[in-house]
Amino acid sequence: MMDDPFEIDEFAASPEMRLQDAPAPDYLANLNAEQREAVEALDGPLLVLAGAGTGKTRVLTTRLAHLLETKGQTERLHPQQILAVTFTNRAAKEMQERVAHALGRPVEGWWLGTFHSLAARLLRRHAELVGLQSNFTILDSDDQVRLLKQIMDAEQIDQKKWPAKQLMGIIQRWKDKGLSPERVNESVEFANGGAKYLYKIYQERLAVLNAADFGDLLLHCLTLFQKHPEILRRYQETFRYVLVDEYQDTNVAQYLWLRALAMVHRNICCVGDDDQAIYSWRGAEVGNILRFESDFPGAKVVRLEQNYRSTPHILAAASKLITFNDGRLGKELWTELDTGEKVFVKGVWDGEAEARLVGEDIEALQSCGIGASQMAILVRAGFQTREFEERLITLGIPYRVVGGPRFYERQEIRDALAYIRMVAQPDDSLAFERIVNVPKRGVGKATLQTLHQYSRDQAVSLPAAALDLIGTEELKPKMRQAIGGLLGDFKRWREMLETTSHVAVLETVLDESGYTDMWRTSKEIDAPGRLENLKELVSAIGEFENLTSFLEHVSLVMENEQNADQEKVTIMTLHAAKGLEFDYVFLPGWEEGVFPHQRAMDESGVKGLEEERRLAYVGITRARKRATVSYAANRRIYNQWQSALPSRFVDELPDEHVERISDTGLGNHRGNVSPGAWGADDWMKMPSWADNKPAESYNPYGGTGERRFASAGWQDRVRKNVIDVKPDGETSYTTSSKSSKYKVGDAVRHRKFGPGTVKAVDGNKLEIHFEGVGTKKVVDSFILPG
DNA sequence: TGTGAGACAATTTTT
DNA sequence: TTGTCTCACA
C-alpha cells in the first residue's frame, strides 16, 4: 500500500485515548538549557550549531518525540506530516528506534530517511511527469560509468585522454549543484563543452532506459517542483515540520530540495557542525549553514557547546587542531568531565609495527575487561584496513569492517539482481548486457556491437533493439535463437509475476536461466559460497511487496549484515565514523600524503587540506576515554618501500594535551617491546629523507641508512623543503627534496622507461617522451629529476 | 567466440 | 602486487 501524503488517514487511535494509555513521557528530563531550548522551539526556523559530542542525536530524538506528543494532541499533527532527513540509513534507523523508545510506542508513516531515499519515494509517484515510468531503475555508480563508456565508444571519444570515471565525476558534481543539462548549458561558469555534451546524451540515454542515477533522484524532484508548482504546493502544505541532521554536509541540490519543501510552513530545524563538514568532495556546501539565516529571516540559532563525550585532554587536543582552519563559525567546546588520559601519539617504523602496536593495545585493554565493541580503528582510506585485519586475525581478536565490500557488490548477487531488474523493468539495458551471456549463450562482442549500434541509432534500449533484430537477418541464426530464447523467457517470467509470488518467480528465473546450474557445476572454490549467497538473496526478497521496492531497497538502503551480538573491534574509515563514538579510538596512518591525503591537497589545495583537518577533528572527537594517533616512517606498498613524514596534524596537536612516544624512541613504549619490534636504535637507521634517493632503494631490514634525524625539529626542516602549499590551491608534493613541480622541457627519469623529457603537464600527470620508448603518460610521483 | 599471455599503470572519502 | 586492458591465437 502506497502511503499518500495528500490523503492523511485519521488516527488509528484517537489522541485522547493515547493520552490516557501512555505514561507521561519524561523525555524532556535531563536536558541542559541549550538543549532544551533547541527541543522546545518547535515553530519557526531553527538552526542548531552542535559541536562534537554535545548530544546532537539526543536533541533530534527528543525534538521529534516532543513534536509527535504535543502537536499530535493539540493540532492533530500526523506523522506523515513530518519530514526528517538524516545523512545515513543507519542514522535514520537509530532515530526511528530512539523516538519509539522515548514515546513508548512505535511511530510509522513519517518521512524519515536519507535525502536519496526520500526523494526516490516522492519521485516514484510522479515519475511520468519527468519522463520516467514509476518502476524506473536506480543505477549504481558502476552502471553509471558503464553507460557513459558506451556513449563515449559510440561518440568515438578517446577514453585514455578522458576517462569515463572522471567525466562521470564532473557530471555528478553538476547534479550535486542542481544543474540539469539545460542549466549547465546556460551557466557561464562551466566551460567544459565536451562534458556538457556528454551529460546531455547521458541524460537522454537514461530516459530511454527508464533509469535514474543517484543525482537524478534529487534533480528530477527539483525539475518536478519547478514545472509543476501545484504538486510542490501540496507537498509544502503536507510537510508541516522539517528536520535535517548533518546539515553541514548538504549539497546545493539537497538544499534547494529542502528549501522548496519547507518554504510554506517554515518549521525547519537544521542541525549541523561546520567543523565536521567532510563531504565537500561530494558537492556539500558548508555555505548552506551561513545561508540559512538569510533564507529564513528571524531564524533562531542555538549553539550546543557542552561536550558530554570526551575527556578534557581529548577535547582540548581536537579543539586546538581545528583552530588551524580559517573561516570557522567558531565554537568553544567545554566539558565537566574529569581529566583523563592525554592523547597518545606514537611513531613507529612501518605499517606492520603499527598494526602490531594497535593489536597489543587492544589485547591490553581486553585483559582489563574492556569489551571489544568499545574500541575502534579509524583509517583514512579503505585499503588501510587490511593490515589491521591481518593482525587481529593473528591475535584472534574478533572485528568487523564497516563499509567494506557489500553483499550486493558480489558478482553472483549483481548477476542475480540483473535478472531481477530485467524482469521488473524490460528496458534495463545495463542489466541485459550483464546477463545476456551469463551463463554462456555464445553471445559475444560482435553481436553486442550490432545490438548497441542499432539501439543507439533507433534510440531504444538494448533489449528492445534485440527484440527488433531477432526478426531480421542482421544477426546470425544461432544468435537469433539464443537471444530470442532469452527474451521469450523474460516475457514468460514477467507474466508469471502476475499470478505467482515474486519469491517463486526469482527462484524460477535463477533456475530456468541456468544461472544456479552455472555455479553448481563450477569448479571454483567459492562456488558453494556463491550459491549460499543466492539463497540468502531469495529469502531477502520475500520481505518486500514487489520487485521494484526490493530493488530500490538494495540500491538505496541496504546495508551490510552485521551480527551485532558478538563483541567486536570496529574497523572503518573516518568518514563512516561520523556520528559514532567509542571509548578507545585508534587513529593510524597519520602521515603526509596518506592523511592529509595527497589527492585532497592536489585537487583542492588549502580547502582540501582544511577538510582533511576537519576529518582529523572528527576522528579525535569520536573518542570518549582515549585516542591513540600513530604514524609509520615507512610503508610497504606492493613490495616497495616508501618513506613517509609524520602528518602535519601530528605537529598541530598541543603538547600539553598529548603524550608523544616517538620522541624518546620506540623502545620506551609501555616498557616492553615484543621481540622483533624496532628499538630506539633502529629509529636512528631511518633512511635519510632529504637525500634524493629513490624510495625503493631502501631496505629497512638492511640497516644501511645514516644517522641523521635523531634530533627534534628535523620534521620541520625536511618538510619545508618538500611540501609547498600555495594559497590558491595549487599544491605540489614529492618525497625527493630538490624537485618542486615539473614543467615542460624538464629532463626527468622514470624507473622503468629511463631518461625522458616532459612534453606536457596536466595536474600531477605528465606526458613524457622517453628515448627509445616513446611518449607515455605517467604520474609525477613515479618520476625523478633527470 | 573464448582464452591466455603480456603490457601497463598505480593507491579517497559515499548516498 | 594486482587489476584491467589489448591482442593474438585456438
Side-chain angles (χ1 to χ4, degrees), chain A residues 85-92 113-120 138-142 144 149 159-160 163 165 169 172 175-176 213-218 246 249-251 253-254 277-284 378-386 402-404 406 409 437 440-449 476 478-479 482 552 554-559 572-578 589 593-604 608 611-612 614-616 618-619 635-640 642 644 750-753 764-766 773-774 776-783:
Chain A
V85 196
T86 57
F87 195 71
T88 59
N89 290 301
R90 189 197 65 213
T114 61
F115 277 103
H116 292 272
S117 62
L118 293 169
I138 299 169
L139 297 188
D140 61 22
S141 46
D142 231 60
Q144 291 169 23
K149 269 188 184 157
Q159 296 189 32
K160 288 232 170 74
K165 223 172 163 174
Q172 289 301 323
K175 293 194 177 188
D176 288 339
D213 65 22
F214 281 115
D216 281 341
L217 297 174
L218 281 150
E246 309 284 10
D249 284 321
T250 53
N251 62 35
Q254 292 165 335
I278 53 176
Y279 280 95
S280 73
W281 52 273
R282 217 174 73 189
L378 308 182
V379 296
R380 174 61 181 82
F383 71 88
Q384 292 173 276
T385 60
R386 225 173 86 187
V402 177
R406 294 159 205 226
E409 275 170 9
N437 205 26
K440 301 234 178 321
R441 297 188 177 91
V443 180
K445 237 193 316 195
T447 312
L448 259 159
Q449 207 163 16
K476 290 187 193 134
K478 219 173 133 191
M479 293 301 111
E552 183 172 313
V554 166
S555 43
L556 292 178
V557 182
M558 193 152 141
E559 289 174 80
M572 62 174 135
T573 63
L574 286 160
H575 283 90
K578 187 162 88 153
V594 177
F595 188 40
H597 198 277
Q598 195 53 49
R599 284 265 280 274
M601 293 188 293
D602 287 349
E603 281 163 18
S604 331
E611 178 147 325
E612 295 285 297
R614 287 194 293 270
L615 203 50
V618 168
R635 292 236 175 240
R636 185 168 52 181
I637 299 157
Y638 308 145
N639 252 2
Q640 290 192 0
Q642 283 193 348
H750 188 274
R751 70 191 160 96
K752 230 156 142 190
F753 306 134
N764 64 339
K765 293 182 190 67
L766 306 174
V773 184
K776 303 267 171 202
K777 281 199 115 176
V778 289
V779 174
D780 71 352
S781 58
F782 278 72
I783 292 295

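Side chains are part of it too, since the values below use all heavy atoms of this structure and drop only hydrogens, waters and symmetry mates. Chain identifiers are assigned alphabetically (A, B, ...) following the order of the sequence lines, protein sequences preceding nucleic acid strands; residue numbering begins at 1 within each chain. It should be emphasised that the depicted structure is a prediction, and the values quoted were computed from it without experimental measurement.
Of the candidates B:dT15, B:dT3, B:dT13, the closest approach to any side-chain atom of A:Phe214 belongs to B:dT15. Side chain of A:Lys440, nearest nucleotide from B:dT11, B:dG2, B:dT14: B:dG2. In the set B:dT14, B:dG2, B:dT1, the nucleotide with an atom closest to the side chain of A:Thr573 is B:dT14. For A:Arg599, whose side chain is taken as the heavy atoms from C-beta onward, the closest listed nucleotide among B:dT15, B:dT13, B:dT11 is B:dT11.
Following rounding to the nearest Å, A:Phe87 (CZ) and B:dT13 (P) show an atom-to-atom distance of 14 Å. In this structure, the CD atom of A:Gln172 is 17 Å from the P atom of B:dT13, given to the nearest Å. Rounded to whole Å, the distance from NZ on A:Lys165 to C1' on B:dT12 is 11 Å. One interatomic measurement links the two molecules: CZ of A:Phe595 to C1' of B:dT11, which rounds to 17 Å at whole-angstrom precision. We find that CZ of A:Phe383 is positioned 8 Å from P of B:dT13, with the value rounded to whole Å. Rounded to whole Å, atom P of B:dT15 lies 15 Å from atom CG of A:Leu118. In this structure, CG of A:Leu556 is placed 17 Å from P of B:dT14, rounded to the nearest angstrom. If you measure from atom CD of A:Gln384 to atom P of B:dT11, you get 15 Å, rounded to the nearest angstrom.
B:dT13 and C:dT4 have their C1' atoms separated by 23 Å, given to the nearest Å.
Contact check, A:Asn251 against B:dT15: no side-chain N or O comes under 4.0 Å of OP1 or OP2. A close approach under 4.0 Å does occur between a side-chain nitrogen or oxygen of A:Lys149 and OP1 or OP2 of C:dC5. Not one side-chain nitrogen or oxygen of A:Ser141 sits closer than 4.0 Å to the OP1 or OP2 atom of B:dT14. In terms of phosphate contacts, A:Thr447 brings a side-chain nitrogen or oxygen within less than 4.0 Å of OP1 or OP2 of B:dT1.
The residue A:Asn437 sits close only to the backbone: its heavy atoms come under 4.0 Å of sugar-phosphate atoms, none of a base. Within the nucleic acid shown, A:Phe115 has no heavy atom closer than 4.0 Å to any nucleic acid atom.
B:dT13 has no base stacking with the ring of A:Tyr279 when judged by centroids under 5.5 angstrom apart and an interplanar angle below 30°. Here A:His116 does not lie in a stacked arrangement on the base of B:dT15, lacking the combination of planes under 30° and ring centres under 5.5 Å apart. Judged by centroid separation below 5.5 Å and plane tilt below 30°, A:Trp281 stacks onto the base of B:dT13.
DNA chain B is contacted by both A:Met479 and A:Ala600; A:Met479 maps to the nucleotide lying nearer its 5′ end (nearest heavy atom per residue). Where A:Ser117 and A:Lys476 each meet DNA chain B at their nearest nucleotide, the meeting point lying more 5' is that of A:Lys476.
Residues A:Asp176 and A:Arg282 are not paired through a salt bridge, judged by the lack of any N-O separation under 4.0 Å between the basic side chain and the carboxylate.
For A:Asn437 (side chain) and A:Gly442 (main-chain N/O), a donor-acceptor pair under 3.5 Å exists by modelled atom type.
Side chains of A:Gln254 and A:Asp249: a donor-acceptor N/O pair is absent below 3.5 angstrom, by distance only.
The side-chain heavy atoms of A:Lys175 and A:Phe214, taken from C-beta on, include no pair separated by under 4.5 Å. Here the side chains of A:Phe115 and A:Asn251 are not in contact, with every heavy-atom distance at 4.5 Å or above.
Under the side-chain contact (heavy atoms from CB on, under 4.5 Å) test applied with A:His116, the options A:Leu217, A:Val85, A:Ile138 reduce to a single match, A:Leu217.
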